[in-house]
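Report on the following structure.
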Amino acid sequence: MSAGPSHLAVAHPPPPAHFSSLIDGCATSRRLLEIHAAVLRSGLQAHPVVNFKLQRRYSSLGHLDRSLSLLLHLTPNPSVFSFSSAIHAHVLHGLHLSALRLYVQMLSSPITPNAFTFSSALRACAHLPPGPGPGLALHSQALRLGLASDPYVATALIDVYASSGDVISARTLFDRLPDENNLVSSTAMITCYAKAGELRHARQLFDRMPHRDCVCWNAMIDGYTQHGKPTEAVELFRKMLRSSVKPNEVTVISVLSACAQMGALESGKWVHSYIKNNKIWFNAQVGTALIDMYCKSGSLEDACQVFEEIKDKDVVAWNSLITGHAMHGRSREALELFSQLCDEGLQPTDVTFVGVLNACSHAGLVSEGRALFQSMEHVHNIEPKIEHYGCMVDLLGRAGLVEEAHDLMQSMRVEPDTVLWGSFLAACRLHKKINLGEKVANFLLSNGTANSGTYILLSNIYATLGNWEEVARVRTLMKQSGVQKEPGCSSIEVNNMIHEFIVGDLRHPKSREIYAMLDELKRLLKAQGYVPRTELVLHDLEEPEKERALGVHSEKLAIAFGLISTEPGTTIKIIKNLRVCVDCHEVTKLISRIMGRKIVVRDRNRFHHFIDGSCSCGDFW
DNA sequence: TTAGGGTTAG
């Protein structure tokens with residue numbers, strides 16, 4: 001009678017190779033516990049291979065604690081593989097400090113680290129918060145052991161230097177690599193350049209690579225997205241589609257973020273259909289990027305639809321929808337979503353509160369805002385950050401509670417920044433708290449923290465009073481200080497093309513038609529009794545010049561172009577980099593009525609939906 | 001073993 005394997009297994013203790021293959025094929029924690037019990041019964045727990053495989057499988061199934069106690073308490077002489085694997089597992093789980101602690105523990109044993117150990121430990125260093133980390137020490141240890149030129153170690157070192165913005169050291173390492181065309185290290189170098197904002201160097205290296213994979217394309221595309229070059233990001237994505245490399249979910253997240261920056265709804269929808277038609281993995285992150293793109297491109301309806309389609313909605317997905325509603329002035333809905341999120345048993349984050357407080361400030365919901373702000377610390381155990389104070393100062397300040405806003409600023413545990421002072425000054429101007437506003441502005445001018453906004457707000461305060469001498473003085477001061485006002489820029493997407501305009505722009509091929517349309521609009525507006533708000537013009541010009549300066553603001557040019565290049569009756573969508581001025585706001589309301597067009601404007605702060613002579617913001621922005 | 005992703009005050 002021939003004995004089968006199971007018969008043998010009962011007659012003799014199973015050989016380590018048997019357990020080894022059982023562990024390799026094990027897919028569940030329950031099964032692993034059974035195998036572990038059998039290992040213990042057979043007395044093989046200290047066998048180096050069996051022990052190592054158990055430890056590694058516990059890690060890969062997410063039981064880092066069991067894996068670690070196996071390593072530290074039940075392994076007589078842990079090998080360099082056991083330690084390295086444990087360090088690697090901690091890095092994979094984002095436990096970078098624990099990974100480094102294990103590395104230190106390993107150094108106090110007789111084990112010498114190998115290339116695998118260094119590549120994992122260095123990866124932990126690259127993810128630590130900025131500052132002088134242990135990366136340099138590890139670099140010198142690797143050099144001493146002759147491991148620094150190993151491709152894996154060198155690539156991890158490039159990442160360490162990339163994380164601290166040290167492009168020179170990264171490049172030195174990269175240049176010493178034996179294979180200059182190594183895909184992974186080249187990608188690491190591209191990422192390093194991109195992080196430092198050196199996109200041209202990144203692109204040079206990218207263009208010279210003989211072979212590129214998806215990760216490499218993603219690194220370059222995301223470099224553009226993260227550094228305010230969304231047009232280049234989308235352009236490179238189109239180029240990628242013409243190559244043989246297939247995009248993945250990481251690619252589309254980055255491209256969607258670029259579309260969101262531009263507010264390019266048509267391009268964003270095109271990426272959305274690409275995702276659907278090419279079976280790109282639709283996870284919560286892709287869903288969130290889509291929600292963000294739709295919100296920032298003016299389509300809250302599409303954003304809501306995508307939200308419904310996400311199977312595992314996490315708090316970040318909720319946050320993007322709440323923030324989107326706040327942006328569009330749908331404050332009540334934003335607060336309703338917040339309640340739903342809590343009802344679902346999810347824990348709101350600090351970002352959630354930025355969203356709901358912002359919703360309150362856009363709608364003047366003072367008591368709701370106060371209650372939510374209080375609940376942050378007392379109910380949800382989240383310490384308010386400067387952004388939250390910013391929302392509150394904005395909310396209180398707009399509502400005319402300027403003193404309460406001032407008190408809140410003084411109670412903060414952090415120093416107010418220029419943004420916060422800016423909101424406060426805007427409130428002083430809005431509610432004519434001239435003395436307080438003057439005091440604050442002069443304080444900012446004297447301590448050197450004033451920005452262009454400070455000068456403009458101070459000048460506006462004086463302009464409101466009709467004090468033109470002071471307006472002129474502030475303007476001279478601004479000139480002398482050398483601070484420059486960021487130029488206003490408006491854009492509109494027509495047929496998948498973004499058209500950009502600055503004030504008085506003559507560069508557009510259809511300039512003549514655009515200015516003819518502006519003249520026509522001016523005539524129609526005057527007939528409606530419109531008077532230009534020339535007090536907003538900062539320059540000391542004569543009245544007709546002031547009118548002309550206002551008349552060619554970038555958003556007016558973009559709207560005129562929209563009117564001549566889109567079908568009558570369709571919605572015109574404009575994106576502006578700064579806040580829309582009072583005059584443009586007034587004019588846009590009138591144009592929406594005269595031309596029978598819905599006009600949606602995204603400014604730096606929020607969305608304005610202009611329909612039939614009024615705006616969704618209720619003139620409160 | 002290697003590289004890369006989503007939400008954030010004005």
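Here is how names work: the chains are called A, B, and so on, in the same order as the sequence lines, proteins then strands, and each is numbered from 1. Model, not experiment: these values are computed from the prediction.
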task: Tell me what A:Ile291 touches on the nucleic acid: a base, only sugar-phosphate, or nothing, going by heavy atoms under 4.0 Å.
output: nothing
- prompt: Salt bridge check: are A:Glu198 and A:Arg203 linked by an N-O gap of less than 4.0 Å?
  reply: no
- line: Syn within 90° of 0, anti beyond: B:dG5 is syn
statement: Taken in chain and number order and not counting sequence neighbours, the residues that satisfy side-chain contact (heavy atoms from CB on, under 4.5 Å) with A:Ala219 are A:Thr187, A:Ile190, A:Thr191
query: Hey, is A:Arg413 close enough to A:Glu377 for a salt bridge, meaning N to O under 4.0 Å?
result: yes
task: Scan nucleotides 1-6 of chain B nucleotide by nucleotide, 5' to 3', and note B when protein non-hydrogen atoms come under 4.0 Å of the base, S if they reach only the sugar-phosphate, - if neither.
output: BBBBBB
query: Between B:dA9 atom C1' and A:Arg604 atom CZ, what is the distance in whole Å?
result: 12 Å
A:Ser254 side chain to A:Thr225 side chain, donor-acceptor N/O pair below 3.5 angstrom: yes
- prompt: Given atom CG of A:Leu341 and atom C1' of B:dT7, what is their separation to the nearest angstrom?
  reply: 12 Å
message: Taking donor-acceptor contacts at under 3.5 Å, does the side chain of A:Asp350 reach the base of B:dA9?
response: no
query: Between the side chains of A:Asp603 and A:His608, does any donor sit under 3.5 Å from an acceptor?
result: yes
- prompt: Which part of the nucleic acid, if any, lies within contact of A:Lys313, taking any heavy atom under 4.0 Å across all strands shown: a base, the sugar-phosphate backbone alone, or nothing?
  reply: nothing
- prompt: Is a salt bridge present between A:Lys53 and A:Asp24, judged by a nitrogen-to-oxygen distance below 4.0 Å?
  reply: yes
statement: Given the options A:Ile310, A:Ile253, A:Val316, A:Leu290, A:Gln285 meets side chain to side chain contact (heavy atoms under 4.5 Å, CB included) only with A:Ile253
- prompt: If you look at every strand shown and take non-hydrogen atoms under 4.0 Å, does A:Asp417 touch a base, only sugar-phosphate, or nothing?
  reply: base
- prompt: Is DNA chain B part of any stem, that is, at least 3 consecutive Watson-Crick or G-U pairs with both distances under 3.5 Å, and where?
  reply: none
message: Check this for me: A:Glu309, atom CD, are more than 12 non-hydrogen atoms of other residues, nucleotides or ligands nearer than 6.0 Å?
response: yes
- request: Starting from P on B:dT7, measure out to CG on A:Leu346 and report it in whole angstrom.
  value: 18 Å
- prompt: Just checking, is any N or O donor in the side chain of A:Ser423 or A:Asp394 under 3.5 Å from an acceptor N or O on the other one?
  reply: no
